Structure formats: structure tokens, C-alpha cells
There are 2 protein chains.
Amino acid sequence: MDVNPNMALVAAIISDKTRSKMIFIMLDGRFHSASELAYMAGIKPQTATFHLKKMTEAQIIKVEKQGRHKYFGIKDPGVASVLETFLSIAPQFEVRSLKKSPRDKALRSARTCYDHLAGNLGVKLVSALEKKGVLVKENDKYEVTNEGIEFLATLQINIYELKKKRRSFSHKCLDWSERKHHMGGALGNAIFEKILEFGWIKRLPNTRAIKITTLGEEHIPKIFNIDL
Amino acid sequence: MDVNPNMALVAAIISDKTRSKMIFIMLDGRFHSASELAYMAGIKPQTATFHLKKMTEAQIIKVEKQGRHKYFGIKDPGVASVLETFLSIAPQFEVRSLKKSPRDKALRSARTCYDHLAGNLGVKLVSALEKKGVLVKENDKYEVTNEGIEFLATLQINIYELKKKRRSFSHKCLDWSERKHHMGGALGNAIFEKILEFGWIKRLPNTRAIKITTLGEEHIPKIFNIDL
DNA sequence: TAGATATTTCCATTATTATCGAAGTATGAA
DNA sequence: TTCATACTTCGATAATAATGGAAATATCTA
């Protein structure tokens with residue numbers, strides 16, 4: 001922890017039962033939307049906003065905005081461990097579990113996030129590209145390595161052309177279903193468009209959900225070294 | 001820690017400034033009377049009662065009653081270390097210090113506690129007897145060992161006679177100045193009466209204070225293996 | 001564009017909590 | 001027995017904080 005949070009303040013934050021519940025939920029290490037936290041803690045969205053603001057000001061949690069959503073998570077591992085200390089001596093809370101509708105489930109496996117791949121597939125792809133040495137994390141975006149340029153060329157993606165475009169090249173994008181980062185920006189968009197063009201995936205009508213085609217089931221694991 | 005205190009509850013305790021002060025005072029490891037804690041925290045006795053009750057219920061502190069006094073202290077070393085951790089990074093508190101009057105000072109060095117020795121001398125005597133293997137702590141009282149029976153006989157104290165008396169034989173007695181235990185009960189009384197009879201100590205008029213005589217300064221260190 | 005969803009702001013209400021005066025109980029001292 | 005001391009209980013008050021209704025803003029969807 002770089003900042004020395006005031007323990008009395010932290011204690012005051014934790015001492016509220018509703019906030020304790022929310023913290024407990026976020027201690028799974030993932031990010032959760034405001035409405036999800038509200039529902040699980042059994043309060044109205046306005047009240048959730050009230051508490052989330054407090055906790056953000058107290059530097060206990062941080063927020064990542066994603067369009068009209070906001071995802072909240074524990075600020076850093078240091079804060080988490082302090083909170084764990086409190087939790088380690090505390091009993092469990094009853095937390096309402098989210099009912100996952102079938103529609104929701106489909107969205108989780110693969111979908112578009114604006115104009116790039118998200119969901120389980122989006123996250124898997126990015127981590128596969130990191131493992132292959134194609135991408136390197138750098139703050140809030142990804143950089144392409146020299147070997148990466150070659151690899152992307154085999155997918156008919158020209159880095160230099162993409163970089164000319166008037167948009168972010170490859171920002172990290174927090175995934176609401178996986179709670180991990182996938183890749184947005186021009187590069188994310190290019191990869192999405194290409195594998196769509198190759199017929200490896202297709203859009204499902206009236207939703208952001210994506211289906212992997214038979215062709216895709218054949219090629220994607222080979223090219224990216226992942227299991228689907 | 002054997003009992004599982006509730007996290008939100010513990011946090012709620014710490015988040016109050018007055019309680020933090022009181023905890024801070026008790027973290028010296030000693031027991032403090034309710035009025036002492038009230039004065040040092042800058043609140044009225046009623047308010048202190050209110051907080052002390054809360055902390056006792058939260059299993060953070062425990063209490064030992066001593067006549068009309070009550071002495072409060074951190075429940076156990078485990079709780080103490082958790083509290084230390086949280087308070088160590090919190091800002092310091094201004095705590096009123098107790099003014100010690102000369103009369104008060106005299107009482108601290110040696111005095112009677114009802115009918116037995118208390119104060120520095122009382123505490124020293126008991127720990128010396130423990131070290132010599134005369135006494136063994138057992139819950140809230142002391143037991144006399146076989147060697148102890150012999151030793152006490154040299155002081156003309158007959159254990160078997162004492163045990164016949166209709167009073168507690170040797171309960172532990174919390175000392176308000178030393179905040180450690182000395183010995184009450186029939187045994188504590190017998191020891192007191194004997195060394196008074198030997199002229200090793202004498203009562204000061206109109207107070208509970210005790211003075212060690214020249215004779216006592218000669219014999220007590222020798223017999224009990226202590227420094228005065 | 002209109003409609004749906006996610007979150008926020010504003011505001012009034014309710015709940016919780018710390019505080020202390022006044023009066024009561026318990027204990028020790030004279 | 002009478003008085004003083006240590007602590008507690010009760011009740012009123014004031015400060016603080018949590019809650020959600022109503023309406024606004026922002027973003028995505030159709």
C-alpha cells in the first residue's frame with residue numbers, strides 16, 4: 001500500500017453492515033456492477049451509490065466505467081489483505097445470489113463489447129496472445145511485440161495501418177462477466193472483424209451474443225493455442 | 001482467540017474515538033478502573049459505563065471486580081495484537097494523564113487490601129513465593145505445594161488450620177496500582193499478620209498504607225529472595 | 001428519433017448512537 | 001449508622017448516518 005489509510009476511517013466504513021456485505025462480495029477479487037452489489041446487499045440502487053461513493057473516497061475500492069455500467073472492486077491487494085484480516089475473525093453473511101437468466105448465460109460465453117470480442121472468448125483470446133508473446137501489458141493498454149507483428153500478419157492484420165487510425169490502439173477493457181481484461185481499441189476491433197470475416201464466429205440476431213461456428217471450433221484452438 | 005467476534009462489531013467498536021482512546025490506554029497491558037478510564041478519555045462515568053459495557057459484550061475487554069471498583073483490561077493477547085495493528089497506524093490520541101498525589105504514591109508502594117498485603121510489596125511477595133515453588137497458580141486462586149507447606153511452617157503458619165476457616169483460602173486479588181495479582185484470602189491474611197507480628201512492617205495511622213521497618217528491610221529480602 | 005437500462009442527485013424520513021443530568025445501588029470508611 | 005466513593009440505570013437530547021422515493025443524467029438499443 002502506498003497510501004496509509006486512516007484506520008479509524010476504514011473501521012467506520014467496515015462497521016456498517018451493508019458495506020460489510022458489499023466488501024465481502026468484492027473480496028472475490030472481481031469487479032461488480034453497482035446494481036449487482038445493490039441487489040446482493042438487499043438495498044436500492046440509490047443507497048448503493050451512497051455507500052460506493054463513501055468507500056471510493058476512503059480509497060477502499062476503485063471503479064472502472066464501462067459505458068453506462070460502473071464496475072467496483074477492492075482497490076489493491078494491500079487493502080484486500082487488511083480487509084481479509086477483519087473478515088478472518090468474522091462470521092459469514094447471507095448474500096442473495098444472482099439469478100442467471102439463460103440470455104445472460106449466453107452473453108457470458110462470447111459477445112461483442114462495442115466493436116470487439118468480450119466474454120469468455122474475449123478474455124481467453126487476450127490471455128492466449130499474452131502467453132504466446134504477441135501482446136505485453138503496459139499500464140492500461142497492450143503493446144504488440146516484434147514477434148506479435150509477424151503473428152498478426154498471418155491473420156492479415158497490419159499494425160502500422162491500425163496505428164494510423166484516430167482511435168485508441170489497444171486499451172484494456174474490463175469484462176463484466178469474466179471480471180478480467182479483454183482488449184478494446186483498433187486492434188481488438190481488427191481481430192474481431194477478421195475472425196468474423198473468416199467465418200470462425202457469427203453474430204446472433206437481436207443480441208450482442210456471438211456464436212463460435214464449426215469452422216471456428218476447428219481453427220481458433222489451433223491458431224491461438226486455447227481450449228474452447 | 002477462542003471466540004469469533006463479529007467483524008462489523010469489532011470495526012464499530014474501533015471506529016468510535018472515545019472507545020479508541022480507552023483501548024489505547026488499556027493496551028499497556030494493565031487493568032484500569034472505570035473512573036480512571038472515564039477521566040483519561042475525557043468523559044463522564046456514565047458514558048464510560050456505556051462504552052465499557054459495549055466492549056465487554058464485544059469480547060474485546062474483560063473485567064475484574066474488586067469491591068466497589070471494577071478493573072478493565074484487554075481480553076487476551078490475541079485481541080491485543082489485532083487491536084495494536086489497527087491502532088498503530090491511526091493518529092495519536094490526547095489522553096488526560098492521572099495526577100498522582102503524594103498520598104496516592106505512598107499507597108502504591110505498600111498497603112493493605114482489606115486484610116492482606118497489596119501494592120508493590122504484596123505483588124512482589126506473591127511472585128517471589130511462586131518463584132520459590134511455594135505457590136502454584138490455579139485458576140483464580142493459589143495452591144500451596146508440599147515444599148510450600150514446609151516453608152510456611154518456618155513462618156509459623158499452619159496450612160491445615162487455615163483451611164478449616166470459613167473463608168476462601170488464597171484467592172488471586174487484582175492490585176489496582178500494580179495491575180497484577182497479589183494474594184487474598186486466609187493465606188494472604190496469615191502472611192500479613194505474621195510479618196506484622198514479627199515487626200517487619202507496621203501500619204501508618206489513618207490510612208491503609210504500610211511501612212517496612214528496619215527489621216523488615218533486613219529480613220524480608222533474605223527470607224523471600226526479593227529486592228525491596 | 002424514442003425507449004430501456006444503469007447510475008446519480010436531491011431530499012425527507014427513520015434509525016442509530018454518544019452524551020450527560022438525575023437518581024439508584026453497592027461497597028468501604030469513620 | 002452515616003457518609004463518601006465507585007459504578008450503574010434511566011431517560012432526554014443532539015448529532016450522525018442509512019434508507020429509499022422522485023426525478024435527472026448518461027448510455028445503449030431499436
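These numbers were taken from a predicted model, which means no experiment stands behind them. Residue numbering restarts at 1 for every chain, and letters A, B, ... go by the order of the sequence lines.
When distances are taken from the side chain of A/His69 to each of D/dT8, C/dA6, C/dA26, the shortest belongs to C/dA6.
Distance B/Ile13 CD1 to C/dT16 C1': 14 Å, rounded to the nearest Å. Across the protein-nucleic acid pair, A/Tyr71 atom OH and C/dT7 atom C1' stand 12 Å apart, rounded to whole Å. The NZ atom of B/Lys70 sits 15 Å away from the C1' atom of D/dT5 (whole-angstrom rounding). With rounding to whole Å, B/Glu36 atom CD is found 13 Å from D/dA6 atom C1'. When the C1' atom of C/dA18 is taken as reference, atom CD1 of B/Ile14 falls 18 Å away, rounded to whole Å. In this structure, B/Gln66 atom CD and C/dT27 atom P are separated by 13 Å, rounded to whole Å.
Each end of the helix from C/dT1-D/dA30 to C/dA30-D/dT1 gets its own rotation axis from five pairs of C1' atoms, and the angle between them is 20° to the nearest 10 degrees.
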Where do B/Arg19 and B/Ile60 land on the side-chain contact (heavy atoms from CB on, under 4.5 Å) test, with the steps shown first? CA-CA 11 Å; B/Arg19 282 190 294 262; B/Ile60 282 180; over 6 Å; no

Working note: A/Phe224 + A/Lys124, criterion side-chain contact (heavy atoms from CB on, under 4.5 Å); need CA distance, chi angles, decisive distance, verdict. CA-CA 9 Å; A/Phe224 296 100; A/Lys124 269 191 182 162; over 6 Å; no

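Nucleic acid contact for A/Ser35: sugar-phosphate only, since backbone atoms but no base atoms lie under 4.0 Å from a heavy atom of the residue.
Residues meeting the salt bridge (Lys or Arg N to Asp or Glu O under 4.0 Å) test with B/Lys53, sequence neighbours left out: none.
Taking 3.5 Å as the limit, the base of C/dT7 and the side chain of A/Arg68 contain no donor-acceptor pair of atoms between them.
Atoms CD1 and CD1, from B/Ile212 and B/Ile201 in turn, are 8.0 Å apart once rounded to the nearest 0.5 Å. Taken to the nearest 0.5 Å, the CD1 atom of B/Ile220 stands 5.0 Å off from the CD1 atom of B/Ile195.
Residue B/Lys65 has a polar side-chain atom (N or O) positioned under 4.0 Å from OP1 or OP2 of C/dT27.
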Please produce a list of atom pairs where a protein N or O lies less than 3.5 Å from an N or O of nucleotides 18-20 of chain D.
unit_1	atom_1	unit_2	atom_2	d
D/dA18	OP1	A/Arg19	NH1	2.9
D/dA18	OP1	A/Arg19	NH2	2.6
D/dA18	OP2	A/Lys54	NZ	2.8
D/dT19	OP1	A/Thr18	OG1	2.9
D/dT19	OP2	A/His51	NE2	2.4
D/dG20	OP2	A/Lys44	N	3.1
D/dG20	OP2	A/Thr47	OG1	3.3
D/dG20	N7	A/Thr47	OG1	3.3

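Taking every heavy atom of both residues into account, A/Met22 and A/Ala41 meet most closely at CG-CB, 4.0 Å.
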